[in-house]
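What follows is a single structure, written as structure tokens, with notes after it.
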Amino acid sequence: MRIGEIAALVGVTSRTVRHYHHIGLLPEPARQANGYRSYTVRDAVLLARIRRLTEIGLSLDEVRDVLADEAGRELAEVLGELDADLARQEREIHRRRQVLAALLAAPPSSDGPLSPALAALLEHAPATGSPAAAKDREHLALLDAAGDEAGSGVFAALRPLAEDPAVLGLYERLDELEGARVDDPRIAPLAAELVAAVPDEVLAVIPAGEPSATGLGQVLLDDYPPAQREVVRRVMEGLAGRVRGRSGA
């Protein structure tokens, strides 16, 4: 294969291939008598591997490290891995198209495009002017947009909680803490009641290690003022403890 052919096959530009040669990421192939580079299937597999690694966010230096770890592997093994990766991408594209079809079929929403699972949850939630409830909706939309596979299960399990009128009172108490100090005596009992209000069915679909005050959890915490943040932090810890208790039972 010539450079234009291998570039078209893998889905990159000839300039990209030359750049990978220049930085030593893709070895220079043998050249024909006329001076043109002659690429093999092995070169195409390696180039495809580089492309996929960069697409998932790895830097070129990180890609170099990954490729070094894989040096010496049999071509059949690498091809099998690439085939499995393509199959995974096909499944993911199919799942996304299913979600998109449901979104196209659903009526417009002021919350923006939501998955069918979250739209069903919010449809059954009682109307309220609570700022804390509005923030919760935003956070659910963020989880939805993140495309977490566990999200639809969590949304379905949350429906009984969303329909419970007692939850509105908990939101109101959380609203009252907006300008409070982190040592406010109302924090601990409210956090305990919120933890207790979450059904066991929700805990059953929460991924292992969640919820936690890291990553997305930390982003959500940072969205609250101090006293409310302390309530939510305690709720995260309490729910994590319940999850551990269930897994150890």
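Since the structure is predicted, the reported quantities are computational estimates derived from the model, not experimental observations.
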Kindly work out whether a path of hydrophobic side-chain contacts (I/L/V/M/F/W/Y, heavy atoms less than 4.5 Å apart) joins [X] to [Y].
{"X": "Leu60", "Y": "Leu53", "value": "yes"}
{"X": "Val66", "Y": "Tyr20", "value": "yes"}
{"X": "Val182", "Y": "Val231", "value": "no"}

Does Glu5 have any salt bridge (charged side-chain N to carboxylate O under 4.0 Å, His left out) partners at least two apart in sequence or in another chain, and if so, which?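 If we apply the salt bridge (charged side-chain N to carboxylate O under 4.0 Å, His left out) test to Glu5, skipping adjacent residues, there are no hits.
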Between atom [atom1] of [X] and atom [atom2] of [Y], what is the distance when rounded to the nearest 0.5 Å?
{"X": "Arg18", "Y": "Glu28", "atom1": "CZ", "atom2": "CD", "value": "10.0 Å"}
{"X": "Ile6", "Y": "Leu46", "atom1": "CD1", "atom2": "CG", "value": "8.5 Å"}
{"X": "Arg229", "Y": "Ile187", "atom1": "CZ", "atom2": "CD1", "value": "11.0 Å"}
{"X": "Leu47", "Y": "Thr16", "atom1": "CG", "atom2": "OG1", "value": "8.5 Å"}

Show the nearest heavy-atom pair for residues [X] and [Y], with the distance to one decimal.
{"X": "Leu121", "Y": "Ala162", "answer": "CD1-CB, 3.6 Å"}
{"X": "Pro160", "Y": "Ala157", "answer": "CD-O, 3.2 Å"}
{"X": "Gly4", "Y": "Ser14", "answer": "CA-OG, 3.6 Å"}
{"X": "Ala227", "Y": "Arg181", "answer": "CB-O, 3.5 Å"}
{"X": "Ala188", "Y": "Arg234", "answer": "CB-NH1, 3.2 Å"}
{"X": "Met1", "Y": "Val41", "answer": "CE-N, 4.4 Å"}

Can you find a pair of side-chain heavy atoms, one from Val17 and one from Val10, that are under 4.5 Å apart?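 Contact flag for Val17/Val10 side chains = no.
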Is Leu239 close to Val235 at the side-chain level, that is, under 4.5 Å between some pair of heavy atoms? yes
Does CZ in Arg31 sit with more than 12 non-hydrogen atoms of other residues, nucleotides or ligands closer than 6.0 Å?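 Atom CZ in Arg31 is crowded, with more than 12 foreign heavy atoms closer than 6.0 Å.
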Who are the side chain to side chain contact (heavy atoms under 4.5 Å, CB included) partners of [X], not counting sequence neighbours?
{"X": "Val232", "value": "Leu221, Tyr224, Met236"}
{"X": "Glu62", "value": "Leu58, Ser59"}
{"X": "Ser130", "value": "Thr128, Ala132, Ala133, Tyr171, Asp175"}
{"X": "Arg52", "value": "Ala48, Glu55, Leu82, Asp85, Leu86, Gln89"}

Derivation and outcome, side-chain contact (heavy atoms from CB on, under 4.5 Å), residues Arg173 and Leu170: CA-CA 5 Å; Arg173 289 166 59 188; Leu170 297 176; 3.7 Å; yes
Full working for side-chain contact (heavy atoms from CB on, under 4.5 Å) between Arg242 and Val198: CA-CA 10 Å; Arg242 285 182 61 188; Val198 177; 4.0 Å; yes
Please test Glu230 against Arg233 for salt bridge (Lys or Arg N to Asp or Glu O under 4.0 Å), starting from the C-alpha separation and ending with a verdict. CA-CA 5 Å; Glu230 180 61 17; Arg233 186 189 66 79; 2.6 Å; yes
Quick check: does any side chain N or O of Gln228 sit under 3.5 Å from a backbone N or O of Leu174, one acting as donor and the other as acceptor? yes
Asp43 side chain vs Thr40 backbone, donor-acceptor pair below 3.5 Å: yes
Scan for ring-ring contact (aromatic ring centres under 6.0 Å, His included) pairs involving residues 36-67, sequence neighbours excluded, and state none if there are none.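 For residues 36-67, and leaving out neighbouring residues, the ring-ring contact (aromatic ring centres under 6.0 Å, His included) pairs sorted by first residue read His21-Tyr39.
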Under-4.0 Å salt bridge between Glu138 and Lys135: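 Here Glu138 does not pair with Lys135 in a salt bridge, since their nearest N and O are not under 4.0 Å apart.
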